[in-house]
Asks: 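Take this structure, written in structure tokens, and hold onto it; I'll ask about it next.
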Amino acid sequence: MSTADTSTVFLDLDETICEHPRSTADRLADAFDAAGVEPFFDVPDFRRRLARVTADSAVELREKCFAGIADELGRDPADALAVARAYEDPDPTEVEFLPGAEAALDALAAGHDLALVTNGDRETQRAKLAALGIEDRFAAATYAGSTGVVKPDPDPFHRTLSALGIEASEAVHVGNSLRSDVAGAQAAGMEAVWLARVEEDADCVPEYRIDSMRDLHAPPWV
Ligand SMILES: [Mg+2]
């Protein structure tokens, strides 16, 4: 395993660098309530479907996810669409750093270039970076949600490597999703650090596992 030649650290944004103070679970519960539908699925179901769906907007993405879950469970698709439409998008300017994440960026930047590889759309993610005051921290940024080809497809990683003119062996990727971040980075030939905030089943094994962004204050690959 490498790594003295690791020059660059790729990072996911949502639930890796930052999060919303009001959780996805809270907002999903609100959406069921507002739609007058008895809750019939949970956030892990949502995340599981999310990795398999692409769409042009957040609403369309939710509609496809929720309808897919309803289909799996034999529930009324109309209920799923009502919940998808009642779900309120979080305000991107209200994001907060995960514990240790801001110091992790400082520590990593001392010895590496940083790049962002996120599945979100450019406008929303740029608003989060600005709110956090870190919009100038990344040598490259790929907003996969704006192109339709999202992690775990290796394309967002390949494009970021190309933008920086580096090889996959020179970078590691840090992210909170085994299915999107770890599998995607490995598909692009990179090593991956899994921020294991929530246990997740997947067919891939991360090269490194951390429990907190604080663990990056001394990078595990050095
Ligand atoms: Mg994430």
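Fair warning: this is a prediction, and the values are worked out from it, not measured in the lab. Read the numbers this way: they start at 1 and go in the same order the structure lists the ligands and their atoms.
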Asks: Checking side-chain contact (heavy atoms from CB on, under 4.5 Å) for the pair V182/V205: CA distance, chi angles, key distance, verdict?
Replies: CA-CA 8 Å; V182 174; V205 178; over 6 Å; no

Asks: Measure up the F10 and F157 rings against each other and bin them: parallel (under 30°), tilted (30 to 60°), perpendicular (over 60°).
Replies: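 F10 and F157: parallel rings.
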
Asks: Apply ring-ring contact (aromatic ring centres under 6.0 Å, His included) to residues W221 and H112 and explain how you reach the verdict.
Replies: CA-CA 12 Å; W221 57 84; H112 308 80; 5.6 Å; yes

Asks: Which protein N, O or S atoms sit under 2.8 Å from the Mg ion (ligand 1)?
Replies: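 You should have found D12 OD2, D14 O, N176 OD1.
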
Asks: Decide salt bridge (charged side-chain N to carboxylate O under 4.0 Å, His left out) for D14 and K128; before the verdict, give the C-alpha distance in whole Å, the side-chain angles of both, and the deciding distance to 0.1 Å.
Replies: CA-CA 9 Å; D14 296 311; K128 292 175 189 172; 2.6 Å; yes

Asks: For T6, does its backbone N or O pair with a side-chain atom of E170 as donor and acceptor, under 3.5 Å?
Replies: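 Not confirmed, E170 side chain does not pair with T6 backbone.
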
Asks: Identify the two heavy atoms, one from R62 and one from A84, that lie closest to each other, and give their separation to 0.1 Å.
Replies: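 Scanning both residues completely, I find the closest heavy atoms to be NE-O, 3.2 Å.
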
